[in-house]
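Below is one structure, written out as structure tokens; the observations come after it.
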Amino acid sequence: MRDNLIFRFMFAIIFIILLVMGAKFIWDLNKMTNRAGDNLIEKAQIITEQQKAIWEFMVRNQNKINYDTEGNFEYKHLSCSTTAMGVGAILASRTDYMIKPTNIECRNVLNMPDEFEIGGINWFKENQNEKEYWVSTDLDGKKVFRYMAPLWVEESCLECHGFPIGEVDMAGYPKEGWQLGEFAGAFSLTMPMDIYYEDIRQNLFSNAFFSLVLILLSVISIYFLMRKMVTNSLGKLEVAVAQIGEGDWDVKLGDIKAEGEIKRLVCHFENMTEQLADLYSNLESKVEERTIELEKANLVLKKHQADLEQMNLRLQETNAYKSEFLAIMSHELRTPLTSIMAFAELILYDPSLESEEEEHYLKEILLNSQNLLRLINNILDLAKIEASKDQLVLEVVDMADIISSVESVMLPLAKNKGLDFQIKIISDLPLTMADPEKIRRVVENLAGNAIKFTQEGGWIKIYMDWDKEADEILIEVSDNGIGIKEEQHRYIFEKFTQADSSASRKYGGSGLGLSLAKELIELHEGWIRVESSFGGGSTFIVGLPIKSID
Ligand code: ADP
């Protein structure tokens with residue numbers, strides 16, 4: 001029921017009506033109570049004014065009452081006070097109203113004030129400008145309105161109540177010694193309030209009754225109107241939506257009777273359903289089409305993959321043939337080359353050699369043979385690496401040994417070219433596990449390049465250090481040769497790449513030395529980089545991680 005639109009709507013309406021009615025009830029009650037109070041005061045004022053009028057009438061006619069036509073005085077006991085009391089008694093016998101004159105010191109015991117009246121008397125004495133004093137209270141278990149109006153001493157009062165004090169007046173009472181304008185007591189009126197409360201009750205009851213009838217009528221009309229105009233159509237629409245949700249597109253919305261927004265909603269929904277149904281049927285065929293296309297593409301892809309795999313195999317074979325060919329060729333070239341170098345050295349260091357020209361030629365033969373040998377070695381090594389045949393042969397290595405081995409080969413070449421060749425190794429360089437032959441090849445290639453690209457009179461330095469923080473051995477090979485342009489730095493480590501083709505022609509070389517050095521160092525999980533500027537010399541730095549010796 002909580003989900004039902006009509007009931008939610010009705011609850012909301014009832015709640016709002018009840019809220020408004022509640023506020024109106026409080027407002028009415030307040031208004032009626034105030035009006036009842038005003039009526040009571042007005043009535044009380046009239047009654048006391050009437051009583052005062054009787055009082056004044058008796059004062060004015062005292063002579064007429066107490067003297068006969070011959071002028072003889074005979075007190076008739078119809079004083080103003082006695083008359084007021086008598087009128088009050090008659091009023092009390094006919095109605096529920098009671099009125100009496102009262103004062104703290106009074107001649108008649110019936111006029112003695114009660115608690116409320118004493119309060120009123122004292123209040124008038126303190127507030128002499130006030131003309132009335134009232135309160136709603138309970139008396140003998142009934143709600144009553146009590147009202148008091150003050151009396152002030154006038155000229156006519158003095159005859160009986162003035163001076164001399166104690167003198168007996170015509171009524172036989174001793175005079176009180178009142179003075180003009182003094183407080184002379186008050187009229188005290190007691191009025192029943194039941195009738196007013198009854199009036200209020202009836203008013204409220206009739207209001208509540210009409211409100212309830214109004215609520216009932218509103219709720220019933222809202223219920224039927226909502227059913228007819230909203231929920232019937234919405235309910236049918238809901239059924240249609242559920243039907244579509246279950247995949248049944250054959251919905252008929254024509255029998256929904258609706259007006260205004262709901263009618264438009266039904267129209268939009270009908271359109272949407274048609275479009276969706278159309279889309280859905282198209283979608284199925286499109287998905288089918290796409291699936292077939294995808295399957296075809298997949299087949300083509302598989303064929304390409306197979307082709308690629310075959311090509312890859314062929315490439316691998318070709319590469320293996322190439323590497324093998326290079327290895328054989330290099331080996332075959334190395335043997336005669338080492339013989340040439342050995343014989344050239346023999347002749348060179350033969351003491352019978354005298355001609356300087358011959359010595360120069362022999363040195364040229366030696367230098368070029370060494371360059372050629374290095375080139376062949378590089379080709380051979382690269383071929384091995386590419387064929388993945390090159391494994392590290394790890395052993396305990398003292399870097400100082402490697403450097404001195406490089407020095408023995410490089411120093412004569414440097415000297416020959418008129419270069420200063422220096423080596424510096426820090427004293428506490430640790431031992432490490434490495435492939436000494438490969439490290440030697442790296443340093444030799446770097447030193448060979450340094451000698452090659454440095455002019456006569458220049459210098460070459462090999463410096464070995466230990467980066468304790470990174471736990472690496474650093475090998476720095478620097479020269480003050482021709483240097484390398486900044487933009488060439490990233491190419492020179494690629495195979496068959498040379499920084500400057502004109503320089504290459506001049507200095508010779510194959511573009512393999514650095515790429516081999518990089519491969520060999522990376523086999524050791526190390527790194528190599530260059531710091532150089534054109535014309536400002538070059539420094540190649542190698543970082544070789546220290547591997548602990550088991
Ligand atoms: P190459 O056999 O040509 O020396 P490398 O791979 O050893 O082949 O070197 C690649 C290129 O890097 C060289 O051709 C040269 O241009 C440049 N290069 C290498 N080392 C130096 C160096 N110390 N000074 C100047 N250029 C160098």
Side-chain angles (χ1 to χ4, degrees), residues 13-56 84 87-103 111 113-152 183-219:
I13 294 283
I14 292 171
F15 180 72
I16 293 168
I17 294 178
L18 282 178
L19 212 68
V20 174
M21 287 305 180
K24 189 174 178 318
F25 177 84
I26 294 168
W27 194 70
D28 280 353
L29 182 67
N30 198 32
K31 212 171 108 184
M32 281 188 261
T33 316
N34 284 345
R35 204 187 309 141
D38 288 349
N39 283 344
L40 279 166
I41 290 170
E42 200 182 327
K43 213 172 205 176
Q45 281 169 346
I46 291 169
I47 292 172
T48 45
E49 278 307 314
Q50 204 171 17
Q51 200 70 349
K52 276 187 192 173
I54 294 169
W55 182 285
E56 204 173 320
V87 171
I90 295 168
L91 187 70
S93 68
R94 292 182 181 177
T95 64
D96 290 336
Y97 289 41
M98 288 184 287
I99 187 160
K100 67 172 186 190
T102 182
N103 202 350
N111 292 344
D114 60 15
E115 207 178 319
F116 159 73
E117 288 160 342
I118 292 170
I121 289 165
N122 289 334
W123 192 74
F124 285 129
K125 281 182 179 172
E126 282 160 23
N127 306 282
Q128 296 201 355
N129 290 328
E130 293 298 334
K131 291 190 168 58
E132 50 196 359
Y133 175 78
W134 75 82
V135 70
S136 299
T137 181
D138 283 323
L139 191 70
D140 301 332
K142 284 185 178 171
K143 280 263 171 220
V144 290
F145 180 74
R146 302 205 62 182
Y147 179 89
M148 287 178 78
L151 292 166
W152 303 101
F183 181 74
F187 274 118
S188 168
L189 174 68
T190 303
M191 297 161 71
M193 288 181 77
D194 301 1
I195 184 168
Y196 293 97
Y197 280 118
E198 187 53 34
D199 199 27
I200 290 173
R201 240 192 315 275
Q202 271 181 13
N203 268 335
L204 290 179
F205 177 77
S206 65
N207 276 356
F209 176 75
F210 282 114
S211 302
L212 282 176
V213 170
L214 179 69
I215 291 173
L216 208 67
L217 285 177
S218 315
V219 165

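Heavy-atom basis, side chains included; hydrogens, waters and symmetry copies ignored. Quantities reported herein were computed from a predicted structural model and do not represent experimental measurements.
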*Would you mind reporting whether Tyr133 and Tyr147 have side-chain heavy atoms less than 4.5 Å apart?*
no

*Assess the side chains of Asp28 and Asn207: does a donor N or O sit below 3.5 Å from an acceptor N or O?*
yes

*Apply side-chain contact (heavy atoms from CB on, under 4.5 Å) to Gln128 and Trp152, showing your working.*
CA-CA 10 Å; Gln128 296 201 355; Trp152 303 101; 4.1 Å; yes

*Can you find a pair of side-chain heavy atoms, one from Ile17 and one from Ser218, that are under 4.5 Å apart?*
yes

*State the CD1-OH distance between Ile47 and Tyr97, to the nearest 0.5 angstrom.*
5.5 Å

_Over 60° means perpendicular and under 30° means parallel, so tell me whether Phe187 and Trp55 are parallel, tilted or perpendicular._
perpendicular

*Give a yes or no on this: more than 12 heavy atoms of other residues, nucleotides or ligands lie within 6.0 Å of atom CD of Glu198.*
yes

*Minimum side-chain heavy-atom gap Glu132-Met148 below 4.5 Å*: no

*Measure from the side-chain N and O atoms of Asn127 to the backbone N and O of Trp123, and report whether any donor-acceptor pair falls under 3.5 Å.*
yes

*Are Asp114 and Arg146 ion-paired here, with the side-chain N under 4.0 Å from a carboxylate O?*
yes

_Shortest non-hydrogen contact from Pro192 toward Val144_ = CA-CG1, 4.3 Å

*Do you know the tightest heavy-atom contact between Ser136 and Phe145?*
OG-CD1, 3.9 Å

*What heavy-atom pair brings Lys143 and Asp194 nearest, and what distance separates the two atoms?*
O-OD1, 3.7 Å

*Heavy-atom distance under 4.5 Å between the side chains of Ile195 and Asp199, does that happen here?*
no

*Evaluate the side-chain proximity of Met21 to Leu214: yes if any heavy-atom separation is below 4.5 Å, no if none is.*
yes

*Residue pair Lys100 / Glu117, side-chain heavy-atom distance below 4.5 Å*: yes

*Could you tell me which non-hydrogen atom of Ala84 sits nearest to which non-hydrogen atom of Gln51, and how far apart they are?*
O-NE2, 2.9 Å

*Please round to the nearest 0.5 Å and tell me the distance separating atom CZ of Phe116 and atom CD1 of Ile121.*
10.0 Å

_Nearest atoms (heavy-atom pairs only) where Ile200 meets Ala36_ = CD1-CB, 4.3 Å

*Nearest-0.5 Å distance that lies between atom CG in Asp96 and atom OG in Ser93*: 11.0 Å

_Heavy-atom closest contact (Ala92 atom, Met98 atom, distance)_ = CB-CG, 4.2 Å

*Would you say Asp38 and Glu42 make side-chain contact, with heavy atoms under 4.5 Å?*
no

_Within-4.5 Å side-chain heavy-atom neighbours: Ile14 and Val219_ = yes

*Starting at CD of Glu56, measure out to CD of Glu49 and round the result to the nearest 0.5 Å.*
10.0 Å

*Spatial distance of atom CG (Leu204) from atom CD (Gln202) [nearest 0.5 Å]*: 10.5 Å

*Could you tell me the separation between the OG1 atom of Thr48 and the CG atom of Leu189, rounded to the nearest 0.5 Å?*
6.5 Å

